Amino acid sequence: QVQLVESGGGLVQPGGSLRLSCVASGSMISHYVMGWYRQAPGKQRDLVATITSSETPTYVSSVKGRLTVSRDDDKNTVYLQMNSLKAEDTAVYYCYARDERPPYFASWGQGTQVAVSS
């Protein structure tokens, strides 16, 4: 079981930038697929980005070119660099980890709030 703690959320104006961090403990993430999800009030939790252990990223179409996921396995940390933020990016952002090895244990962080407003 890996434990995940997010940080870096806050209030930012439209067009601004923010960097979210997710620090893992209890296990090394070198064999985990890592990801970021977000959930706005009254809406479902949606995938934002993933990054494999070989550092292959994927993104939901609405954030391509604005958000970048990266990982530093030496620091056991995953990042989400958020640029050109829009009001519709407002949500609680959750870090996610899934072991690539059976039985594919998965973990969620507690979430960090991102608010984009003028």
Side-chain angles (χ1 to χ4, degrees):
Q1 269 276 11
V2 60
Q3 292 77 235
L4 306 172
V5 179
E6 304 100 327
S7 63
L11 176 64
V12 64
Q13 293 185 343
S17 297
L18 218 53
R19 188 178 75 161
L20 306 184
S21 298
C22 172
V23 179
S25 61
S27 180
M28 301 302 296
I29 64 170
S30 56
H31 295 99
Y32 282 71
V33 175
M34 306 297 297
W36 290 93
Y37 288 70
R38 66 186 181 187
Q39 186 169 24
K43 301 186 68 176
Q44 66 181 359
R45 186 176 299 185
D46 292 329
L47 176 68
V48 177
T50 65
I51 184 165
T52 68
S53 61
S54 59
E55 300 189 50
T56 299
T58 60
Y59 301 93
V60 67
S61 60
S62 60
V63 307
K64 289 181 179 177
R66 301 189 300 113
L67 274 58
T68 303
V69 63
S70 62
R71 63 192 294 159
D72 186 339
D73 287 0
D74 290 338
K75 297 181 178 179
N76 230 32
T77 302
V78 179
Y79 305 95
L80 186 66
Q81 179 65 49
M82 310 170 70
N83 298 328
S84 302
L85 284 165
K86 305 175 180 179
E88 47 263 47
D89 295 317
T90 296
V92 176
Y93 284 71
Y94 296 91
C95 184
Y96 172 81
R98 178 177 56 79
D99 201 331
E100 295 174 337
R101 304 159 296 184
Y104 311 109
F105 287 124
S107 299
W108 292 92
Q110 84 290 343
T112 185
Q113 175 70 244
V114 172
V116 184
S117 177
S118 59

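As the structure is a computational prediction, the values presented were derived from the model and not from experiment. Residues take their numbers from the sequence shown, with the count starting at 1.
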Practice task
Measure from NZ or CZ of Arg98 to the centre of the six-membered ring of Tyr32, then state whether that distance is under 6.0 Å and the direction lies within 45° of the axis.
Solution key: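 Here Arg98 fails the 6.0 Å and 45° test against Tyr32.
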Least distance between heavy atoms, [X] atom then [Y] atom:
X: Val69; Y: Pro57; result: CG1-CB, 3.8 Å
X: Ser21; Y: Thr77; result: CB-CG2, 4.5 Å
X: Ala91; Y: Ala40; result: CB-N, 3.8 Å
X: Val78; Y: Ser70; result: CG1-O, 3.3 Å
X: Val2; Y: Ser107; result: O-OG, 2.8 Å
X: Ile29; Y: Arg71; result: O-NH2, 2.5 Å

Exercise for the section: Check the pair Thr58 / Thr50 against side chain to side chain donor-acceptor pair (under 3.5 Å), numbers first and verdict last. Expected result: CA-CA 5 Å; Thr58 60; Thr50 65; 2.4 Å; yes
Exercise for the section: Look at the side chain of Asn76 and the backbone N and O of Ala24, then say whether any donor-acceptor pair between them is shorter than 3.5 Å. Expected result: yes
Exercise for the section: May I ask you to decide if Lys43's main-chain N or O and Gln39's side chain share a donor-acceptor pair within less than 3.5 Å? Expected result: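 Yes, because the side chain of Gln39 sits within donor-acceptor range (under 3.5 Å) of the backbone of Lys43.
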Problem - Note: Asp73-Lys75 ion pair, threshold 4.0 Å (strictly below) - result: no
Problem - Listed partners of Asp89 passing salt bridge (Lys or Arg N to Asp or Glu O under 4.0 Å), at least two apart - result: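 Asp89 satisfies salt bridge (Lys or Arg N to Asp or Glu O under 4.0 Å) with Arg38, Arg66 only.
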Fill in the blank from the handout: CD of Gln113 to CG of Leu11, rounded to nearest 0.5 Å, is 9.5 Å
Exercise for the section: For residues Trp36 and Tyr93, establish whether the separation of their ring centroids is below 6.0 Å. Expected result: no
Problem - Proximity of Tyr37 and Tyr96 rings by center, below 6.0 Å - result: yes
Are [X] and [Y] grouped together when hydrophobic residues (ILVMFWY) are joined by side-chain heavy atoms under 4.5 angstrom apart?
X: Val48; Y: Tyr94; value: no
X: Val92; Y: Val116; value: no
X: Val63; Y: Val114; value: yes
X: Trp108; Y: Val23; value: no
X: Leu20; Y: Val33; value: no

Problem - Sub-4.5 Å side-chain heavy-atom contact between Val60 and Asp46 - result: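 No, too far: nothing below the 4.5 Å cut-off.
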Problem - Side-chain heavy atoms of Ser53 within contact of Glu100, under 4.5 Å - result: yes
Exercise for the section: Would you list the pairs meeting side-chain hydrogen bond (donor to acceptor under 3.5 Å, both in side chains) in which at least one residue belongs to residues 2-18, sequence neighbours left out? Expected result: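 Pairs touching residues 2-18 that pass the test: Glu6-Gln110, Ser17-Asn83.
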Problem - Residue pair Gln1 / Ser27, side-chain donor-acceptor N/O under 3.5 Å - result: no
Problem - Any residue meeting side-chain contact (heavy atoms from CB on, under 4.5 Å) with Ser54, in chain and number order, not counting sequence neighbours - result: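 By the side-chain contact (heavy atoms from CB on, under 4.5 Å) rule, Ser54 matches Thr52, Thr56.
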